Amino acid sequence: MDIVLYSRPQSSYTAEDVAALFDALDRSGMGWRVNRDFASLAESLAGRSFAPDGLYDDASQIDDRAQVMVSYGGDGTFLDCVRMLGGRPVPIIGINSGRLGFLANVSKRHLETAFRDLREGNYSVVSRTLIRAEGDFGSSPEYPFAFNELAIQRQSPNMISTTVFVNDEMIATYWGDGVLVSTPAGSTAYSLSVGGPVVAPDCRCFLISPIAPHNLTMRPVVIPDTAVIRICVATRGTDFSVSLDNQTYSAADGASFRIVKADKSIFLVRLQNISFYDTLRNKMMWGIDSREPCRTGR
């Protein structure tokens with residue numbers, strides 16, 4: 001198996017973590033390449049050396065040899081991998097290098113097990129939905145897709161107005177900080193923090209969630225992912241931001257956007273011993289009793 005490894009050259013990495021990653025890859029017996037930026041960090045931090053044919057510079061050098069892409073980092077790094085692949089059918093597996101991660105759901109403590117399962121074929125590949133957006137972006141997105149969400153947000157102290165239509169039928173006009181359109185994968189990201197529901201990743205739906213709405217009766221709405229969403233934005237003459245995952249663009253008063261399910265999908269590696277519900281329970285610490293034990297003896 002040929003692996004393409006990608007990571008951001010982050011200052012938070014330790015020499016021990018970087019060495020453990022590449023030692024596990026070496027022991028796996030699989031072929032692999034790594035992005036040059038991260039390789040430079042590994043050279044300076046952990047004294048690793050790399051052959052020229054074991055490096056790549058950008059997405060254009062990820063060719064048909066790649067069978068799996070390994071994202072080492074957090075969910076932001078994982079989203080970088082989604083964008084780099086540009087719809088090519090290479091499945092991604094996320095190794096979590098530290099903090100909370102739902103997309104990067106394999107702990108770095110389980111590197112050896114994860115690479116062994118890849119080598120032995122003990123995994124499945126699942127497809128996940130992408131959002132496609134078009135409209136009045138200030139500058140045309142190079143990658144007009146989102147794996148987690150499209151976010152429309154104010155950039156000034158003034159509220160913005162977002163009127164949302166589903167299949168040309170108006171849902172509501174939201175006055176507030178903005179609105180999100182999320183995939184099931186994105187339900188545990190920004191959508192969760194604005195009060196949206198957690199949705200299992202194999203559900204075929206989109207979530208529309210207002211951000212800090214002025215009218216407190218406004219609530220998130222779940223719709224089929226076959227629907228066409230249209231959003232019209234009104235502001236007090238100021239620009240606002242439109243984000244596709246971690247790529248942000250400016251737009252102006254009166255802009256409108258059309259959001260649909262993309263024709264292409266993203267493919268993820270699912271290891272046999274990791275489930276969405278296990279990840280959800282562990283990351284959210286559901287079921288943990290934080291109450292102090294009774295010290296009175298009663």
Side-chain angles (χ1 to χ4, degrees), residues 79 82 87 102 126-138 140-141 143-155 158-236 239-266 276:
L79 293 173
V82 170
F102 281 94
V126 296
S127 65
R128 293 290 180 255
T129 298
L130 283 174
I131 285 173
R132 179 181 177 91
E134 58 187 32
D136 301 320
F137 292 89
S140 297
Y143 186 73
F145 304 96
F147 182 60
N148 273 350
E149 75 270 316
L150 174 141
I152 293 175
Q153 298 172 282
R154 66 183 177 94
Q155 288 184 326
N158 297 318
M159 291 187 296
I160 63 174
S161 164
T162 52
T163 302
V164 179
F165 299 84
V166 174
N167 295 333
D168 291 326
E169 184 174 354
M170 180 179 169
I171 293 182
T173 296
Y174 302 112
W175 286 92
D177 286 0
V179 69
L180 300 177
V181 178
S182 309
T183 66
S187 73
T188 52
Y190 193 1
S191 177
L192 184 65
S193 70
V194 301
V198 175
V199 178
D202 51 357
C203 291
R204 302 305 179 189
C205 62
F206 290 143
L207 292 73
I208 301 173
S209 304
I211 305 172
H214 187 257
N215 186 335
L216 297 182
T217 62
M218 297 295 188
R219 290 292 181 267
V221 178
V222 180
I223 64 171
D225 66 4
T226 54
V228 177
I229 302 167
R230 183 164 56 90
I231 301 177
C232 301
V233 186
T235 72
R236 294 184 177 178
D239 287 352
F240 61 93
S241 68
V242 188
S243 299
L244 294 166
D245 289 337
N246 50 9
Q247 301 297 297
T248 301
Y249 307 87
S250 289
D253 177 41
S256 65
F257 302 91
R258 183 177 183 270
I259 301 104
V260 297
K261 178 182 177 181
D263 292 335
K264 61 181 70 176
S265 298
I266 285 296
F276 169 74

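These numbers were taken from a predicted model, which means no experiment stands behind them.
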Search all heavy atoms of M170 against all heavy atoms of T163 and return the closest pair with its distance.
CE-CG2, 3.9 Å
For the residue pair F137 and L244, establish whether any side-chain heavy-atom pair is separated by less than 4.5 Å.
yes
Using the test side chain to side chain contact (heavy atoms under 4.5 Å, CB included), find all partners of S243 that sit at least two apart in sequence or belong to another chain.
A151, Q153, T248
Just wondering, do I152 and I160 contact through their side chains at under 4.5 Å, heavy atoms?
yes
Taking all atoms of both residues into account, what is the closest heavy-atom pair of V166 and A227, and its distance?
CG1-CB, 3.7 Å
Measure the shortest side-chain to side-chain distance between L207 and P220 over non-hydrogen atoms and say whether it is less than 4.5 angstrom.
no
Would the distance check show the side chain of N167 and the main-chain N or O of E169 forming a donor-acceptor pair, the cut-off being under 3.5 Å?
no
Nearest heavy-atom neighbours spanning L130 and S265:
CD1-C, 4.4 Å
Between the side chain of D245 and the main-chain N/O of A146, is any donor-acceptor distance below 3.5 Å?
no
Rounded to the nearest 0.5 Å, the CG atom of L180 sits from the CG atom of L192 at a distance of 11.0 Å
Non-hydrogen side-chain atoms of R204 and P224 separated by less than 4.5 Å
no
Test side chain to side chain contact (heavy atoms under 4.5 Å, CB included) on V221 and V164; report intermediate values, then the result.
CA-CA 11 Å; V221 178; V164 179; over 6 Å; no
Roughly how far, to the nearest 0.5 Å, is CZ of F206 from OG of S191?
13.0 Å
Can you see which heavy atom on A262 is nearest to which on I131, and at what distance?
CB-C, 4.3 Å
Side-chain touch S209/E149, heavy atoms, less than 4.5 angstrom
no
Minimum-distance pair of heavy atoms, taken over all atoms of A189 and N148:
CB-ND2, 3.7 Å
Sequence neighbours left out, what passes ring pair (Phe, Tyr, Trp, His ring centres under 6.0 Å) with Y190? Give chain and number order.
none
Rounding to 0.5 Å, atoms CZ (F240) and CD (Q155) come to a distance of 9.0 Å
Of all heavy-atom pairs linking R219 and Y174, the shortest is O-OH, 4.5 Å
Evaluate the side-chain proximity of R128 to P201: yes if any heavy-atom separation is below 4.5 Å, no if none is.
yes
Walk me through it: do Y143 and V82 pass the test side chain to side chain contact (heavy atoms under 4.5 Å, CB included)?
CA-CA 10 Å; Y143 186 73; V82 170; 3.9 Å; yes
Is there any side chain to side chain donor-acceptor pair (under 3.5 Å) pair reaching into residues 176-189, and which pairs are they, with sequence neighbours excluded?
R154-D177
With rounding to the nearest 0.5 angstrom, report the CZ to CZ distance, R230 to F165.
4.5 Å
To the nearest 0.5 Å, atom CZ of R258 lies from atom CZ of R132 at 9.5 Å
Check whether any side-chain heavy atom of V242 lies under 4.5 Å from a side-chain heavy atom of V233, and answer yes or no.
no
When rounded to the nearest 0.5 Å, the distance separating OG1 of T162 from CD1 of I208 is 10.0 Å
Would you say the side chain of V181 lies within less than 4.5 Å of the side chain of I231, judging by non-hydrogen atoms?
yes
